[in-house]
There are 2 protein chains.
Amino acid sequence: MVLSRTSQYAVQALIYIATQPPGEPVLNRDIAERLSVPAAYLAKILQNLCKHGILDSFRGRLGGFCLREGMHKTTLMQVLLLTEGPDFTKSCILGLKECSDATACPLHAKWIPVKKKIISLLTDMSLEDLAKAVLTGKYRLSDLPVSLLPA
Amino acid sequence: MVLSRTSQYAVQALIYIATQPPGEPVLNRDIAERLSVPAAYLAKILQNLCKHGILDSFRGRLGGFCLREGMHKTTLMQVLLLTEGPDFTKSCILGLKECSDATACPLHAKWIPVKKKIISLLTDMSLEDLAKAVLTGKYRLSDLPVSLLPA
DNA sequence: ACTCCTAAAGAGTTTTTTATCCAGTTTACG
DNA sequence: CGTAAACTGGATAAAAAACTCTTTAGGAGT
């Protein structure tokens with residue numbers, strides 16, 4: 001039902017970065033605090049997103065992480081294909097390696113329409129959309145109550 | 001997108017047992033071979049299903065595992081609540097502990113309808129239904145090609 | 001040039017999940 | 001009875017996922 005913790009952290013962090021003024025690098029430390037997530041682990045995840053061209057990183061003073069130019073339009077699906085692996089959309093609910101119309105598990109027929117809904121949902125949502133939603137103040141990215149959020 | 005391997009094995013095994021003549025205990029070894037799954041590990045999973053009243057087990061010669069009386073109607077949801085834990089249906093896609101209408105993650109509104117579809121799918125499918133589907137010969141429970149299935 | 005602040009990189013640790021092993025108990029059957 | 005076949009339960013091991021630590025390197029300000 002859920003994603004790996006790595007994917008959750010990646011998505012949360014990307015949305016958070018997308019809510020920040022573009023061009024101003026965001027510190028790993030600040031993201032970790034804001035999401036109450038282990039900083040060293042998050043750093044690894046962000047590095048990986050850099051390698052794959054979603055983020056830019058800057059070292060030294062005034063350093064940090066920024067969404068790369070144009071990457072506000074990145075969809076959740078694009079992110080999850082990186083963090084969950086390229087077979088993310090191919091998974092069979094029973095774990096079969098091969099589960100197509102030809103060689104189907106007994107759940108296949110019922111599962112496919114639901115899976116399509118999930119995929120289109122993930123493909124429709126961009127970081128920009130989600131960041132805007134968060135900026136309305138109606139939604140949260142972490143379990144921290146709003147009153148305890150770092151300034 | 002997927003279930004734990006433990007859940008996958010549990011569901012596969014239960015469906016397989018449901019395809020076998022009721023009252024005749026099925027050997028753990030046979031199930032493991034049929035699904036090409038580690039036998040010792042599967043045994044633990046089956047024991048757990050016994051503890052929770054879905055299966056009956058019999059020791060000694062002519063021993064094995066049977067669906068408990070009336071348990072052909074067991075739904076996938078009932079099984080997954082055991083194998084994935086009682087919070088299985090409560091999970092937030094971003095991993096928030098609290099993600100309700102009041103305290104929602106930015107995906108919440110779009111995710112809920114999909115989640116409902118998943119839940120009703122899992123709640124509608126019984127072991128009996130799935131076993132019947134398998135018995136038609138159109139579906140498979142493991143990656144083994146039909147030609148290699150143990151007799 | 002020097003120093004401080006940052007990410008990068010790699011190795012190492014801990015925890016969870018998955019898988020194995022073995023000695024013990026139960027049962028059927030000869 | 002005795003033996004082989006089957007589950008049981010506890011301990012253990014291996015693999016994967018989550019997380020940490022330490023060192024290195026690069027950029028900004030003085």
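Labels below follow one simple rule: chain letters A, B, ... track the order of the sequence lines, proteins then strands, and each chain is numbered from 1.
With salt bridges taken as basic N to acidic carboxylate O contacts below 4.0 Å, one links A/Asp87 and A/Lys90.
Residue-to-nucleotide proximity on DNA chain D shows that, of A/Gly60 and A/Ala39, the 5′-proximal contact is made by A/Ala39. Across the interface with DNA chain D, nearest-nucleotide mapping of A/Ala40 and A/Arg61 shows A/Ala40 to be the residue nearer the 5′ end.
The separation between A/Asp56 atom CG and C/dT6 atom P is 18 Å, rounded to whole Å. In this structure, CG of B/Asn28 is placed 13 Å from C1' of C/dA19, rounded to the nearest angstrom. Between B/Leu42 atom CG and D/dA6 atom P the separation is 15 Å, expressed in whole Å. The interatomic distance linking A/Tyr41 (OH) with C/dT13 (P) rounds to 18 Å, in whole Å. When the P atom of D/dC7 is taken as reference, atom CD of B/Gln47 falls 9 Å away, rounded to whole Å. Note: NZ (A/Lys51) to P (C/dA8) measures 10 Å, nearest angstrom. Put simply, CG on A/Asp30 is 14 Å from P on C/dC5, counting in whole angstrom units. Computed from coordinates, the A/Ile45 CD1 to D/dA17 P distance equals 13 Å when rounded to whole Å.
When the side-chain nitrogen and oxygen atoms of A/Thr6 are compared with OP1 and OP2 of D/dA18, one or more of them lie within a distance under 4.0 Å. The shortest distance between the side-chain N/O atoms of B/Arg5 and the OP1/OP2 oxygens of C/dA19 is below 4.0 Å. The phosphate of D/dA6 has neither OP1 nor OP2 within less than 4.0 Å of any side-chain N or O from B/Ser57. A sub-4.0 Å separation between OP1 or OP2 of D/dC19 and a side-chain N or O of A/Tyr9 is present.
Note: the hydrophobic cluster containing B/Phe58 does not contain B/Leu14 (ILVMFWY, side chain heavy atoms under 4.5 Å, direct or indirect links). Hydrophobic clustering (side-chain heavy atoms under 4.5 Å, transitive across Ile, Leu, Val, Met, Phe, Trp, Tyr) groups B/Leu81 together with B/Met71.
In terms of polar N and O atoms assigned as donor or acceptor, the side chain of A/Arg59 comes within less than 3.5 Å of the base of C/dA7 in a complementary pairing.
Among the nucleotides C/dA8, C/dC21, C/dT6, the one closest to the side chain of A/Arg29 is C/dT6. The side chain of A/Leu62 lies closest to D/dA28 when the candidates are C/dA19, C/dA8, D/dA28. The side chain of B/Lys44 lies closest to C/dC21, out of C/dC21, D/dC7, C/dA7.
Among the protein residues, A/Leu46 comes within range of no part of the nucleic acid, since none of its heavy atoms lies under 4.0 Å from any strand.
Of the possible donor and acceptor atoms, none in the side chain of A/Glu33 sits under 3.5 Å from a partner among the backbone N and O of A/Asp30.
You'll find the side chain of A/Tyr16 stays beyond 4.5 Å of the side chain of A/Leu130, heavy atoms only.
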